[in-house]
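Some notes on the structure that comes next.
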Amino acid sequence: MMSSTPTPPKVALGAPLVELLAKAAPGLPDPVLNDGHLAEEPARAYDALRQTSVEAQLLVDHCQTLLRHRYGDGYAVIEAEPLLDAGALHDDGKILTILLSWLATPLRAFDRWPLWKPLGTNLDIEPTRAAGTGYHPLHLDIVNATRPPDYSTLLCVRPDPCGGGASLTASLRRAVARLSQTERDLLAQPAFHAGDFFDLTGVGEELNPFPVLDQLRSDDGFVRFTARMLADMNPRDPLTSAARALERELIADQGRFMLQRGDLLIVNQHLTAHGRERLGDGQQQIPAEQRRLMWQMFLRAPEHTS
C-alpha cells in the first residue's frame with residue numbers, strides 16, 4: 001500500500017555549515033565543466049573545503065548511508081532552505097553545486113541547458129512533460145542511455161501554490177524481487193523503447209531498445225524502467241504484461257511526500273525510481289512567476305566516473 005509521508009526525514013544543515021559555504025563560495029573557482037562533468041580544478045577546491053569541516057563530513061556520511069544502503073529507500077532530502085536564504089540561487093547555484101560535489105560529480109547531461117536546469121510550470125505544453133502540470137509516473141531519468149546518471153537531484157525553489165505536485169519514490173530492487181521468474185525473464189530481453197536521444201553528454205551512447213533488467217548488481221546496473229514507455233506498447237504482448245506487473249509493484253509501496261522551499265531531493269537511480277503527482281487545480285489563476293519551480297541536476301558517482 002502506498003505510504004504517505006508529508007514530511008519525510010530530512011537532513012538538516014547546521015548553521016556552521018551554512019556559514020562555511022556562504023563565506024567560502026565566492027573565493028572558490030566557478031563550476032566549469034569538462035565533457036559535461038565538473039572539471040578537476042573546481043572539484044579539488046570544493047573537496048578541500050569539505051576536508052576543513054567536521055560538519056561537512058558528517059553530512060556526507062549521513063547522506064551516503066541514506067542513498068547507498070542496499071536495504072534503504074535510496075534517496076535523501078537535504079533541508080537546504082538556509083542556503084537559499086544565504087544566496088544559493090545566485091551565481092548559477094554555485095553554493096549548491098559545491099555541496100553536491102561532496103557526494104558525487106556534478107553532471108550536465110543536456111547540452112542545451114546549464115548545469116542546473118530550471119523546471120518551471122508551463123501551461124502550454126503537454127501536461128506529462130517535465131515542466132507540465134500532469135502526473136509524472138515512476139521512472140529513471142535518461143533511461144535510454146548506456147550510462148544513465150547515477151543520481152538525479154531536484155531542488156524545490158518554489159512549491160506549487162495550489163498544493164499539488166507531491167514527489168513519488170519507489171524501490172526498484174524490492175519491486176523486481178516480487179515478480180515471477182517468467183516476468184523477470186521477459187524484462188531481461190532487450191526489447192523496450194523509450195524517448196529520443198540527442199544533445200546529451202556524459203551518459204554514454206543511446207540504448208534503444210534496452211532490457212529493463214540488465215542482470216548486474218544493484219551498484220553497477222540499472223532497472224531501466226520508465227512508465228512512459230507503456231503507452232506505446234502492445235497491450236497483448238507478454239512483454240507489456242511483465243512491464244505492467246513491475247509498475248504495479250512499484251506503485252504498491254511507493255512513498256509520497258511534499259517538497260517544501262529549499263528541499264533538495266537526491267535519488268540513487270541504481271535503487272530508486274521517482275515521479276510526481278499532478279499539480280493542483282487553478283494553475284491558470286497563478287501568475288507564471290509564482291508557479292511551481294524546481295532546479296534539476298545530475299550526479300555521477302565516483303566509481304562510475306571516467
Side-chain angles (χ1 to χ4, degrees), residues 8 10-34 36-53 55-64 66-67 75-110 113-120 130-131 141 149-159 167 202 259-269 274 292-302 305:
K10 295 181 182 179
V11 181
L13 296 179
L17 187 53
V18 172
E19 184 179 5
L20 173 71
L21 284 163
K23 287 186 174 180
L28 293 176
D30 290 335
V32 296
L33 304 176
N34 180 15
H37 298 84
L38 182 67
E40 185 175 348
E41 180 187 358
R44 283 201 306 265
Y46 300 168
D47 193 57
L49 178 65
R50 175 192 60 80
Q51 296 179 44
T52 68
S53 169
E55 290 85 358
Q57 190 55 54
L58 289 174
L59 172 77
V60 171
D61 292 344
H62 184 34
C63 287
Q64 294 291 16
L66 294 173
L67 289 167
Y75 73 90
V77 179
I78 297 178
E79 201 171 29
E81 184 175 23
L83 288 179
L84 269 60
D85 295 336
L89 298 181
H90 303 152
D91 299 323
D92 298 322
K94 182 177 178 180
I95 292 177
L96 296 162
T97 304
I98 295 170
L99 174 67
L100 286 177
S101 74
W102 297 344
L103 299 175
T105 301
L107 167 67
R108 184 201 64 199
F110 296 101
W113 292 101
L115 182 60
W116 284 96
K117 175 184 177 182
L119 294 175
D141 287 322
D150 297 309
Y151 300 115
S152 180
T153 74
L154 282 173
L155 171 72
C156 181
V157 177
R158 189 168 54 242
S167 293
L259 294 177
Q260 303 301 325
R261 177 180 182 268
D263 284 350
L264 180 58
L265 172 64
I266 310 167
V267 177
N268 182 348
Q269 295 211 121
H274 64 281
R292 184 180 189 266
L293 173 62
M294 310 292 281
W295 279 12
Q296 180 186 55
M297 190 174 74
F298 303 112
L299 300 171
R300 179 67 65 200
T305 301

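Note that the coordinates shown come from a computational prediction; the quantities given were computed from them, not determined experimentally.
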Query raised in the report: Considering residues, nucleotides and ligands other than Glu40, do more than 12 of their heavy atoms fall under 6.0 Å from its CD?
Result: no

Query - Glu41, CD: over 12 other non-hydrogen atoms inside 6.0 angstrom - result: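 Count not over threshold, so no.
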
Are any non-hydrogen side-chain atoms of [X] and [Y] less than 4.5 angstrom apart?
| X | Y | answer |
| --- | --- | --- |
| Met294 | Leu259 | yes |
| Val77 | Glu79 | no |
| Val267 | Asp141 | no |
| Pro42 | Val32 | yes |

Residue pair [X] / [Y]: nearest heavy atoms and the distance that separates them:
| X | Y | value |
| --- | --- | --- |
| Leu13 | Ala80 | CD1-CA, 3.9 Å |
| Leu155 | Gly262 | CD1-O, 3.8 Å |
| Thr105 | Leu38 | CG2-N, 3.9 Å |
| Gly93 | Trp295 | CA-CZ3, 3.9 Å |
| Pro31 | Leu115 | CB-CD2, 4.3 Å |
| Leu299 | Pro106 | CD2-CA, 3.7 Å |

Quick check for you: to the nearest 0.5 Å, what is the distance between [X] atom [atom1] and [Y] atom [atom2]?
| X | Y | atom1 | atom2 | value |
| --- | --- | --- | --- | --- |
| Trp116 | Leu96 | CH2 | CG | 5.0 Å |
| Glu81 | Cys156 | CD | SG | 9.5 Å |
| Trp102 | Leu21 | CH2 | CG | 4.0 Å |
| Tyr75 | Leu66 | OH | CG | 9.0 Å |
| Arg108 | Thr97 | CZ | OG1 | 12.5 Å |
| Leu84 | Leu89 | CG | CG | 4.0 Å |

Indicate yes or no for a side-chain donor-acceptor contact from [X] to the backbone of [Y] under 3.5 Å, with no hydrogens or angles considered.
| X | Y | result |
| --- | --- | --- |
| Gln64 | Leu103 | yes |
| Tyr46 | Pro29 | yes |
| Gln269 | Ser152 | no |
| Ser101 | Ala43 | no |

Report task. Can you run down the salt bridge (charged side-chain N to carboxylate O under 4.0 Å, His left out) pairs that involve residues 85-105, sequence neighbours left out, and say none if there aren't any? Result -> Asp30-Lys94, Asp85-Arg261

**Report entry** Passing candidate, side chain to side chain contact (heavy atoms under 4.5 Å, CB included) with Leu83, options Ile78, Val18, Leu264
**Finding:**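 Single pass found, and it is Val18.
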
Query raised in the report: Does the pair Arg44/Asp47 count as a salt bridge with the N-to-O cut at 4.0 Å?
Result: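 Answer for the salt bridge query: no.
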
